[in-house]
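Please read these numbers as outputs of a predicted model, since none were measured by experiment. Convention: sequence-line order gives letters A, B, ...; per-chain numbering from 1.
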Amino acid sequence: MSPAEHGAGDEDARIGYRYAEQHDPPPPERVSDVALTTFEHVFEVDPRLMERWVLQQQFPNWDSLRIMNSRHDHLEWMHRHFADRVVTGSELLAEVEREAPG
Amino acid sequence: MTLQVERLDEVVTALRTVLADDQILTSRADRLNRARVPAPFPVHRWTERLPDLAVLPTSTEQVAGVVRIANDLRVPVVPRDGGTGLTDGAVPLRGGIVVDVKRMNDVREIDLENRTVRVGTGINMLKLNEQLARHGLFYPDDPASYPCSLVGGRIGTSGWSLIGARYGHTRDLVLSFDHVLPTGEVMHVGDGIGHQISKSSSGYQLKHLFMGHQGTLGIATEATLKLYPKPEAELSPFWAFDNYDDAYRCVGALARAGVATFAGAVLFDEWKVAYLRRDDEAYIPQPGDVRALVCAVMYGYEDEVRPAGRRLFRIAKEHGARYLGDEISEGDWAARHDRYATPLHGRTKDGQVVPMSWHCEDAAVNYTRLPAVSKVWHEIVADLRRKTDVFDDWGMFAYTSADTGVDYLTEIDVGIWEQQLDDRAWELWVRAKRDIAAVALANNASISACHGSCREGEVDLVPQELGRGYDVMLDLKRTLDPNNIMNPGKYHLDRAYRAGGR
């Protein structure tokens with residue numbers, strides 16, 4: 001399989017070998033009546049809702065995590081593109097809370 | 001295709017006097033690609049939207065040459081930039097020549113002293129800003145199609161920007177441009193005759209007339225744009241509310257606060273919150289009692305943004321807001337610059353996932369009318385959904401257009417199961433669009449703040465909205481485009497050529 005088919009450009013992808021734990025996702029946990037989660041930041045629709053028109057596919061871990069990390073890279077890139085730095089809301093909230101406790 | 005083969009040969013032969021062979025595209029794939037737009041339509045009727053050919057000019061002179069030939073031969077011309085518009089401005093309704101400007105994508109002059117840049121209109125804002133960042137500068141025109149829309153399309157549609165409350169919208173950011181009229185003449189449009197003038201009192205103010213015409217009055221080819229320092233700091237807090245009324249009052253208070261670095265605020269209603277919980281676009285974890293959301297965004301120097309941000313946090317707190325945390329706040333805002341690359345799905349009434357395309361109907365609505373408009377728009381979409389699973393209500397948001405909170409880009413997002421969109425469902429949709437526009441007008445709103453109003457359905461109400469102004473549109477169209485070659489079939493402008501004119 002070519003690196004392009006793996007969809008990743010790192011050294012592992014060029015070798016094309018994945019360890020067993022990179023394939024099977026952990027048991028999903030329910031986060032709502034329609035959504036599940038496997039890894040942190042990785043959510044998916046409850047498979048019971050993908051039985052007729054669109055069938056759910058199981059992704060290997062390495063690919064799910066690659067997509068999720070790429071998404072985060074993209075969002076980080078957008079922040080840097082629009083401004084030199086991000087002011088964190090939680091810091092400002094803490095300052096406001098200190099002004100008027102309670 | 002509208003041209004017979006012999007006629008097509010005549011057009012191509014004439015075009016070869018101004019273009020090289022590789023700038024004239026006649027293959028089916030080239031033409032199909034240039035009939036594609038993001039707004040859903042009945043895909044079984046795709047061939048009705050095909051141009052006869054496409055051209056890729058590289059200069060104002062070449063565009064003028066193409067338009068002159070089209071005018072002489074009475075062949076329709078449709079300008080196409082990014083093709084990201086939501087009202088089919090770039091869709092050929094009568095075949096003809098699509099003028100694809102994407103090869104005119106160069107930066108021609110950066111004037112660091114006067115803070116302007118001169119560009120070909122085929123350039124994309126993201127790519128432009130990559131070059132400007134080397135100088136610490138920024139062109140702040142920021143649509144949801146930021147990575148894929150082009151400056152020329154922003155001019156032709158008079159685009160709306162996510163951060164327009166801080167920097168203005170396309171009409172404010174484009175100082176002037178070269179424009180090819182429907183007869184092939186070239187005109188410079190700006191304040192007075194200036195290229196880099198932001199305010200002139202000389203002559204009629206023509207700039208706005210040649211922006212937002214959806215390609216019916218010509219083609220912008222080179223533009224001079226206003227530049228700002230690249231922001232040092234960004235802040236984008238997201239707040240949750242357990243009821244709509246508090247969120248509504250909060251967004252109004254944030255917008256009216258008069259904070260100079262305020263770039264926008266958005267109100268999400270309970271349908272939108274429910275949609276975000278479904279993982280049909282991206283799952284956004286939220287506590288179960290959240291019924292509405294508000295976000296705000298600020299840009300500026302850090303020593304401006306921090307105290308101003310504290311002011312907004314105080315306002316939010318006074319209205320019962322709960323901060324949703326840095327991760328959701330920052331992630332959601334960063335994603336708003338790029339809504340066109342998101343894979344989507346919706347639900348049938350029994351909850352099954354189906355592939356759906358996104359469409360949104362918008363209006364420019366005053367703050368005080370937002371709740372009334374929202375209520376009736378949801379009823380219209382609910383009625384559609386009762387009739388068929390082709391449509392799904394993905395919720396609404398209201399987004400500040402200005403720095404005073406006077407009016408909001410108010411949008412209802414509708415998932416459309418495009419593969420099932422047959423003629424019956426399309427007719428239902430067109431009727432719903434007309435009803436949505438009628439609700440806007442009944443509430444003293446404008447049919448569109450951003451997306452345009454020349455698609456089937458809402459376009460029927462444009463004469464009602466503009467009144468005598470619509471007659472002036474017809475007079476202008478007939479005067480500037482005597483042979484109706486420039487994007488014919490849009491805005492019901494054919495009426496300009498009927499006996500009796502109006």
Side-chain angles (χ1 to χ4, degrees), chain A residues 28-59 63-64 67-102, chain B residues 126 129-130 133 138 140 142 146-147 163 230-239 277-280 282-285 288 298-300 302 305-307 309-314 316-317 323-327 329-338 341 345 347-348 350-355 417:
Chain A
E29 290 176 25
R30 181 164 294 280
V31 291
S32 76
D33 55 345
V34 294
L36 312 174
T37 183
T38 47
F39 295 96
E40 188 183 8
H41 304 301
V42 177
F43 298 97
E44 52 195 59
V45 174
D46 187 329
R48 292 173 304 176
L49 302 176
M50 299 184 72
E51 290 177 339
R52 182 164 181 208
W53 301 100
V54 182
L55 304 183
Q56 200 165 48
Q57 305 168 54
Q58 181 160 310
F59 273 46
D63 209 14
S64 297
I67 293 168
M68 187 265 289
N69 288 328
S70 297
R71 179 71 179 154
H72 286 186
D73 287 349
H74 170 74
L75 297 178
E76 279 305 311
W77 185 94
M78 273 294 178
H79 285 300
R80 287 196 306 276
H81 181 75
F82 275 86
D84 297 334
R85 50 185 170 270
V86 172
V87 172
T88 303
S90 57
E91 280 179 47
L92 300 188
L93 176 63
E95 289 167 19
V96 168
E97 296 291 348
R98 279 198 295 274
E99 286 170 7
Chain B
L126 183 151
N129 276 326
E130 284 182 333
F138 181 56
D142 181 23
Y146 178 75
I163 51 179
K230 181 177 174 183
E232 185 179 74
E234 171 190 274
L235 171 68
S236 56
F238 237 78
W239 293 289
R277 285 200 178 106
R278 292 191 334 196
D279 193 35
D280 282 343
Y283 184 78
I284 299 187
M298 310 175 83
Y299 284 102
E302 188 167 352
V305 167
R306 279 187 174 275
R310 282 195 293 271
R311 180 177 290 272
L312 295 197
F313 266 93
R314 280 185 218 110
K317 188 179 174 189
Y323 181 55
L324 272 175
D326 299 336
E327 188 179 318
S329 295
E330 293 164 16
D332 186 90
W333 175 249
R336 299 220 155 258
H337 307 293
D338 182 12
H345 48 79
R347 304 295 172 94
T348 58
D350 63 6
Q352 280 292 308
V353 167
V354 291
W417 194 356

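Neither the backbone nor the side chain of B:Pro307 has a heavy atom closer than 4.5 Å to any heavy atom of chain A. For A:Glu76, no part lies near chain B; criterion is any non-hydrogen pair under 4.5 Å. Proximity to chain A (any heavy atom under 4.5 Å) is shown, for B:Glu130, by both the backbone and the side chain. With a 4.5 Å cut-off on non-hydrogen atoms, B:Pro237 does not touch chain A at all. In this structure, chain B has a heavy atom under 4.5 Å from the side chain of A:Arg71, while its backbone stays farther away. Interface remark: B:Glu302 contributes side-chain atoms only to the contact with chain A (heavy atom separation under 4.5 Å). Residue contact with chain A, scored on non-hydrogen atoms closer than 4.5 Å, is absent for B:Trp239. Both the backbone and the side chain of B:Ala233 come within contact range of chain A, judged by heavy atoms closer than 4.5 Å. Looking at B:Phe238, neither its backbone nor its side chain comes within 4.5 Å of chain A, counting heavy atoms on both sides. For chain A, the nearby parts of B:Leu126 are the backbone and the side chain; heavy atoms of each come within less than 4.5 Å.
Applying the ring pair (Phe, Tyr, Trp, His ring centres under 6.0 Å) criterion to B:His337, with sequence neighbours excluded, gives A:Phe82, B:Trp333. For A:His72, the ring pair (Phe, Tyr, Trp, His ring centres under 6.0 Å) criterion is met by A:His41, not counting sequence neighbours.
Listed here is the closest heavy atom pair of A:Arg48 and B:Gln352: O-NE2, 2.9 Å. Residue B:Arg278 comes nearest to A:Val34 through the heavy atom pair CA-CG2, 4.0 Å, listed as atom of the first residue, atom of the second, then distance. The two residues B:Val353 and A:Trp53 come nearest to each other via the heavy atoms O-CB, 3.5 Å. Annotation for A:Val54 and B:Pro355: closest pair CG2-CD, 3.4 Å, computed over non-hydrogen atoms. Shortest non-hydrogen contact noted between A:Met78 and B:Ala334 is CG-O, 3.8 Å.
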Practice task
In sequence, state the C-alpha distance, the side-chain angles, and the governing distance for A:Arg52 and B:Thr348, and then conclude on side chain to side chain contact (heavy atoms under 4.5 Å, CB included).
Solution key: CA-CA 11 Å; A:Arg52 182 164 181 208; B:Thr348 58; over 6 Å; no

Exercise for the section: Go through the steps for B:His345 and A:Val45 under the test side chain to side chain contact (heavy atoms under 4.5 Å, CB included), then give the verdict. Expected result: CA-CA 11 Å; B:His345 48 79; A:Val45 174; 3.7 Å; yes

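At a threshold of 4.5 Å between non-hydrogen side-chain atoms, the residues B:Lys230 and A:Asp84 count as touching. Using a 4.5 Å heavy-atom threshold, the side chains of B:Lys317 and A:Leu93 count as separate. A heavy-atom distance below 4.5 Å is not found between the side chains of A:Val87 and B:Met298.
The main-chain N or O of A:Ser90 is found under 3.5 Å from a side-chain atom of B:Asp326 such that the two form a donor-acceptor pair.
Put simply, CZ on B:Arg314 and CG on A:Leu92 are 10.0 Å apart, with the number rounded to the nearest 0.5 Å. Taking CD of A:Glu99 as the reference point, atom CZ of B:Phe313 lies at 12.0 Å (rounded to 0.5 Å).
A side chain to side chain donor-acceptor pair (under 3.5 Å) with B:Glu234 is found for one member of A:Arg85, A:His79, A:Arg80 and no other, namely A:His79.
Annotation: B:Arg310, atom CZ; neighbour count of heavy atoms from other residues, nucleotides and ligands within 6.0 Å is above 12.
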